[in-house]
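Written below as structure tokens is the structure these notes are about.
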Amino acid sequence: MKISADTATCIGAGQCALVAGDLFDQDDDGIVVLLGDEPAESQYVIARRAASLCPARAITITESA
Amino acid sequence: MNKTSGAGVVIVGASLAGLTTAEGLRSEGYAGPLTLVGEEDRMPYNRPPLSKQVLAGTWGIDQTTMSEADQLERLGVQHLRAHRATAVDVAARTVTVGGVAEPFEHLVAATGVTARRLLNSHGVRGIHSLRTADDALALQQDLGDAGQVAVQVAVVGAGVLGCEIASAVRSAGHHVTLIGRSAKARFGQTGGHLSAMIAELLRENGVRMRVGVDVDEIESRDADGHKTVSALRLSDGSVVPADVVVVAIGCSPAVDWLAGTGIDISDGVLCDANGVAAPNIYAVGDVARWLDPVTGEARRVEHQATAIEQAHAVARLIVTGERTAPIVPLFWSELFGNRILVHGRLDPNLPLTVLAGDPAERRFVAATILRGQPTGLVGWNMPREFRQERARLVQHVVQQPVEATEAVKGSEIVKEGMVA
Ligand SMILES: Cc1cc2nc3c(=O)[nH]c(=O)nc-3n(C[C@H](O)[C@H](O)[C@H](O)COP(=O)(O)OP(=O)(O)OC[C@H]3O[C@@H](n4cnc5c(N)ncnc54)[C@H](O)[C@@H]3O)c2cc1C
Ligand code: SF4
């Protein structure tokens, strides 16, 4: 799995960091900072959840085949 | 012509709430047929940038696309683009799309809202709404047509959207007058607490404010044989010159297609606390009026985060029968580079308590607090602190299980047959 975040779309709601603090942080302007773009398998569920809850739809998850 | 592939789930409205429901159904493991019916001839797109980046001219319209055709295909979603649902037969479980009755096992209403218009504005050029991508393009054209020259823009409606439009259009260099009916700018679920600060911010940036007045008349002139707006006459007798008018006086839920179903559509689609409007019929997003089990009131929320959470909740309910904890609204806005986040509802009857930063510096987090618990939280240019306070607040929310209604129980029975 690969995570990417579009910082131009991010509105700094912090939803991602709230639900998956191990994968996402925010910079001083609140814009999303990826703490790693390849999560461990144990983090897949939470990564998907963070992406699906982002109100700006700024997070994309690419699932490897 | 049977365009949907058998029964399964039919979602009407191919925007944020509809698309998220489709994604939610698949991630919950639903493998049956999935049809997404959308009136607009576009791929699903994101609306918030329309009044921000797109209007300010920093984004092209394509940057708002949420899902491309191949992504929907991979998701196993049949997207009926430029198709309108016109009727529902509850007993027969069919929805009429393009004149054809399509069967459904579950029907999700995600048709959103449409912008209200000013009376007597029909046929007058230069008067705009801002709800769809086409609206944004038409507005852009009128603003740009003046040939990089600053034009006179009147924004009618001083709610969140009106304030955002005023901010974006002013930032693009035009002359802007913001006209509001109530004496204060209304700003989402902020209970009037931010009105003075927002008015000050707008004024400081050169937006003229005309509040406590109504638009009485649209004055027009003849331009190339077309009736074109020239000014607005207000209820106090004054006249605001306007080459372009943007109307942001609220929206009406798109429910005409559900008329005659017996579902209460007096203000959106009335649902129980789980989004169930009738057995096997659900509503999500701006069109949905869910019962709030905490207050006992049913209300619509026109914000992205709520639309997303409702969509996931309904997807989960359809697939697993699991119910949802009450959804707390979250919204954001952007005015002249100030980013404002609001969680919950600021109570108009409680004082605003500053938790971090300083409102005078336009950097703060504040809350209305009832018996030691925040009822609502606002973050103004302080996203990190806002998130920290919000995390604390979310922990406090008692996650009460919501009682199953008869309608929900009904839908669970049918559910078993369809989940692959
Ligand atoms: C300019 C603008 C700025 C905004 N900014 C913010 C913001 O900053 N933050 C925030 O939280 N929210 C914001 N919002 C609100 C946010 O966009 C909505 O909450 C969100 O779009 C709701 O999604 P929805 O899918 O419920 O409804 P909609 O996005 O309205 O989609 C409904 C869709 O259903 C289609 N439809 C309607 N009737 C039929 C029918 N009979 N058959 C088939 N299709 C039909 C419509 O054409 C439309 O495509 C903004 C909205 C606008 C317009
Ligand atoms: S949830 Fe989305 S909008 Fe919010 S900080 Fe994360 S990426 Fe940005």
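Every chain is numbered from 1, with letters handed out A, B, ... down the list of sequences. Computation of the quantities below employed the complete heavy-atom set of this structure, encompassing side-chain atoms and omitting hydrogens, waters and symmetry-equivalent molecules.
In this structure, the portion of Gln53(B) lying under 4.5 Å from any heavy atom of chain A is its side chain and not its backbone. Only the side chain of His312(B) comes within contact range of chain A, judged by heavy atoms closer than 4.5 Å. Neither the backbone nor the side chain of Asp6(A) comes within contact range of chain B; no heavy atom of the residue lies under 4.5 Å from a heavy atom of that chain. For chain B, the nearby parts of Thr9(A) are the backbone and the side chain; heavy atoms of each come within less than 4.5 Å. No part of Ile340(B) comes within reach of chain A, as not one of its non-hydrogen atoms sits under 4.5 angstrom from that chain.
Using a 4.5 Å heavy-atom threshold, the side chains of Arg384(B) and Asp25(A) count as touching. Looking only at side-chain heavy atoms (C-beta outward), Ser27(B) and Arg48(A) stay at 4.5 Å or farther from each other. Contact annotation: the side chain of Ile308(B) never approaches that of Gln15(A) to less than 4.5 Å [non-hydrogen atoms, C-beta and beyond].
Summarising the geometry of Gln304(B) relative to Pro55(A), their closest heavy-atom pair is NE2-O, 2.8 Å, with the distance given to 0.1 Å. Pairing each heavy atom of Ile11(A) with each of Arg339(B), the nearest pair is O-CD, 3.1 Å. Here the closest heavy-atom approach between residue Ala13(A) and residue Arg390(B) is recorded as O-NH1, 3.9 Å.
In this structure, Arg57(A) CZ and Thr20(B) OG1 are separated by 5.0 Å, a value rounded to the nearest 0.5 Å. To the nearest 0.5 angstrom, Gln388(B) atom CD is 10.5 Å from Leu18(A) atom CG.
With respect to the salt-bridge test (charged N to carboxylate O, under 4.0 angstrom), the residues Glu63(A) and Arg74(B) do not qualify.
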